[in-house]
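So that the names make sense, note that chain A is the first sequence line, chain B the second, and so on, each numbered from 1. Everything quoted here is computed from the prediction, not taken from an experiment.
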Number of protein chains: 2
Amino acid sequence: MPLQADQLSATFAALADPTRRAILARLSRGEVTVTELAKPFDMTLPAVSKHLKVLEKAGLVTRGRDAQYRPVTLNGRPLKDADEWIERYRRFWEQSLDRLDAYLKAIQQDKGEKRHGRSR
Amino acid sequence: MPLQADQLSATFAALADPTRRAILARLSRGEVTVTELAKPFDMTLPAVSKHLKVLEKAGLVTRGRDAQYRPVTLNGRPLKDADEWIERYRRFWEQSLDRLDAYLKAIQQDKGEKRHGRSR
């Protein structure tokens, strides 16, 4: 299995959890310590640490080196490849929205014609 | 847990596997039957079916209704939300690339100055 594929799998797997996504959202506002991070989530420190390890392995967060104060920082780099992978499929969701749009327009037109028909 | 979060987790979890991403890549070229899908992957039908179930639960593929011929179709719609979630972090990978770029430029400049210094 190519390294690239593994990295991408690790990134997507790390994002496949609402708590981990919420942690990244919190970190997008600035680096914090694990204790600060745990507070709003009403989670135990070991539970937060477990999620952080998954994010760290995927390269999405980095920890400071200072043993006493190890701030957690968001690292967006792995998201670039995830974004590029998903973007290849853009036409597939734009197509489906176009079809929905066309369908809704057809319904409205149909209603309009019926209303027009009744008013004659 | 909000429904939205679950859908997003299901999407990311489905993408966290190289075989499932390869299946989506194959389907992006057109719908196929499970048998046709299994061939290039050198996988057993049950193994392919298992991956398809994960993709189907995440709404990324749909199966035809005909019991005999049930073609598999790519449905890109769930990727839209995944794309939107990732896009919020764009500045974090662009920043890190900017920093790398600045660093490489600084090294080159430094080298240039040293070379210039020696030539005097």
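Contact count against chain B (heavy-atom pairs under 4.5 Å) is highest for D83(A) among D83(A), L79(A), I86(A). Among A22(B), A25(B), A16(B), the residue making the largest number of heavy-atom pairs under 4.5 Å with chain A is A16(B).
Under 3.5 Å, the side chains of R21(B) and S9(A) contain a donor-acceptor pair of N or O atoms.
One N or O on the side chain of Q7(B) and one on the backbone of A58(B) form a donor-acceptor pair closer than 3.5 Å. Without hydrogens or angle criteria, R70(B) side chain to G64(B) main chain gives a donor-acceptor distance under 3.5 Å.
A pairwise comparison of heavy atoms in Y89(A) and S28(B) identifies CE2-CB, 3.9 Å as the closest pair. Scanning all heavy atoms of the two residues, the minimum distance from D81(B) to R77(B) falls at OD2-NH1, 3.9 Å.
Along residues 37-51 of chain A, no residue comes nearer than 4.5 angstrom to chain B, judged on non-hydrogen atoms.
For R90(A), the part lying under 4.5 angstrom from a heavy atom of chain B is the side chain only.
Ring geometry for F12(B) versus F12(A): interplanar angle under 30°, hence parallel rather than tilted (30 to 60°).
Cluster annotation: V54(A) and L8(B) are assigned to distinct hydrophobic clusters (Ile/Leu/Val/Met/Phe/Trp/Tyr, side-chain heavy-atom contacts under 4.5 Å, transitive).
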